[in-house]
Amino acid sequence: MSIGSPTVTPVVRALIIACVVMFGLQLFAGNLTLQYLALWPPGARPVQVGAHGLWRYPDFMPWQLLSYGLLHGGALHLLLNMFGLWMFGTPVERVLGARRFLLYFAVCVAGAGAAQIIAAAISGEIHPTIGASGGVFGLLPAFALFFPQARVQLLFPPVALRAPVFVLIFGAVE
């Protein structure tokens with residue numbers, strides 16, 4: 001099994017397509033996607049949205065723990081998350097298989113969402129959470145565990161780090 005194989009696995013491909021389609025929907029439907037699909041912490045209050053006045057965003061709904069992971073804040077946000085999903089998700093899916101990979105990724109997204117809700121409760125700040133970053137971050141330790149000798153080539157600084165070292169440094173920086 002080669003971790004450098006360019007072939008995208010089925011679940012990673014489906015997730016990338018879903019995120020791109022949802023990004024298109026965001027561009028078309030704007031705030032409606034954020035209103036119903038972004039992760040809103042319990043107790044969300046009316047939020048000023050541009051010149052449109054006050055909107056009442058819904059409180060936390062269970063589907064938001066997954067749906068927020070399909071939305072993105074811009075083209076660069078989408079591109080970076082999809083690159084990470086492809087780079088780390090493809091080899092992890094090959095090891096776990098499609099079903100277990102999808103379950104693992106969903107648990108990572110939901111777990112990151114739950115952590116965000118707790119952080120919002122502590123800080124008192126109410127903001128929508130969007131992006132697949134929680135799922136992608138969850139792939140990093142799995143990649144490091146499955147491929148401890150793999151090297152991740154950084155662009156800046158231009159060095160190659162073993163996967164576990166990369167994950168530890170990246171986690172510390174984040």
Side-chain angles (χ1 to χ4, degrees), residues 1-27 33-34 36-39 60-119 128-174:
M1 175 180 341
S2 169
I3 63 171
S5 175
T7 304
V8 180
T9 51
V11 175
V12 168
R13 180 184 304 110
L15 288 169
I16 290 171
I17 291 169
C19 287
V20 170
V21 167
M22 290 305 292
F23 186 68
L25 181 63
Q26 280 181 261
L27 294 176
T33 54
L34 290 179
Y36 295 106
L37 300 176
L39 178 61
F60 168 78
M61 296 295 186
W63 67 79
Q64 294 172 353
L65 277 174
L66 295 176
S67 64
Y68 86 94
L70 299 174
L71 305 177
H72 288 83
L76 182 60
H77 186 207
L78 175 69
L79 179 68
L80 292 174
N81 272 330
M82 296 306 98
F83 177 72
L85 177 59
W86 167 76
M87 183 173 172
F88 299 107
T90 298
V92 171
E93 183 179 347
R94 285 194 180 105
V95 171
L96 292 178
R99 284 185 181 168
R100 289 192 318 168
F101 175 79
L102 181 58
L103 178 62
Y104 178 75
F105 190 79
V107 167
C108 289
V109 170
Q116 183 62 28
I117 288 173
I118 292 167
T129 299
I130 58 174
S133 302
V136 173
F137 275 88
L139 293 174
L140 294 177
F143 180 82
L145 286 171
F146 292 140
F147 304 101
Q149 299 304 316
R151 296 204 172 268
V152 178
Q153 178 67 49
L154 302 179
L155 295 176
F156 185 79
V159 296
L161 299 172
R162 283 189 36 247
V165 174
F166 168 76
V167 169
L168 288 173
I169 291 172
F170 194 71
V173 169
E174 284 298 314

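Computed from a predicted structure; not experimentally measured. Throughout, residue positions are numbered sequentially from 1 according to the sequence presented. All heavy atoms count here, side chains included; hydrogens, waters and symmetry mates do not.
- Phe166 and Phe170 have parallel rings, their planes meeting at less than 30° on a 0 to 90° scale where 60° marks the start of perpendicular.
- How far CG of Leu139 is from CZ of Phe146: 10.5 Å, rounded to the nearest 0.5 Å.
- Panel note: side chain Arg13, backbone Val8; a donor-acceptor pair is recorded below 3.5 Å.
- No donor-acceptor distance shorter than 3.5 angstrom exists from the side chain of Trp86 to the backbone of Ile16, with no hydrogens or angles considered.
- Between Cys19 and Leu78, the closest side-chain pair of non-hydrogen atoms falls below 4.5 Å.
- When side chains are defined from C-beta on, Leu37 does not count as touching Leu70, because their heavy atoms never get closer than 4.5 Å.
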Leu161 vs Leu154, side chain to side chain contact (heavy atoms under 4.5 Å, CB included): CA-CA, chis, key distance, verdict: CA-CA 8 Å; Leu161 299 172; Leu154 302 179; 3.6 Å; yes
Full working for side chain to side chain contact (heavy atoms under 4.5 Å, CB included) between Leu15 and Phe101: CA-CA 11 Å; Leu15 288 169; Phe101 175 79; 4.2 Å; yes
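- Contact annotation: the side chain of Leu85 approaches that of Phe105 to within less than 4.5 Å [non-hydrogen atoms, C-beta and beyond].
- Looking at Arg94, its side chain never comes within 3.5 Å of a backbone N or O of Thr9 through a donor-acceptor pair.
- Within the 4.5 Å cutoff, side-chain heavy atoms of Phe143 are placed close to those of Pro91.
- Across all their heavy atoms, Ala132 and Met82 have their closest contact at CB-CE, 4.2 Å.
- The side-chain contact (heavy atoms from CB on, under 4.5 Å) test applied to Ala115 returns no partner, not counting sequence neighbours.
- Closest heavy-atom contact between Pro158 and Gln153: C-NE2, 3.6 Å.
- Remark: side-chain polar atoms of Tyr68 are not paired, donor with acceptor, to backbone N or O of Gly131 under 3.5 angstrom.
- Side-chain atoms of Leu96 and Val92, non-hydrogen and from C-beta on, do get closer than 4.5 Å to each other.
- Leu80 is linked by a side-chain contact (heavy atoms from CB on, under 4.5 Å) to Leu76, counting only residues two or more places apart in sequence or in another chain.
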Step-by-step side chain to side chain contact (heavy atoms under 4.5 Å, CB included) determination, Gln64 to Thr129: CA-CA 9 Å; Gln64 294 172 353; Thr129 299; over 6 Å; no
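- Looking only at side-chain heavy atoms (C-beta outward), Phe83 and Val136 stay at 4.5 Å or farther from each other.
- The two residues Cys108 and Gly138 come nearest to each other via the heavy atoms SG-CA, 3.6 Å.
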Steps toward side chain to side chain contact (heavy atoms under 4.5 Å, CB included) verdict (Met22, His72): CA-CA 8 Å; Met22 290 305 292; His72 288 83; over 6 Å; no
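- Looking at His77 and Ser133, their side chains come closer than 4.5 Å, going by heavy atoms from C-beta outward.
- Closest of all the heavy-atom pairs between Pro141 and Phe137 is CD-O, 3.1 Å.
- In this structure, the side chains of Glu93 and Arg100 stay at 4.5 Å or more apart for every pair of heavy atoms.
- Looking at residues two or more places apart in sequence or on another chain, you find a side-chain contact (heavy atoms from CB on, under 4.5 Å) between Ala38 and Leu34, Trp40, Leu71, Pro128, Ile130.
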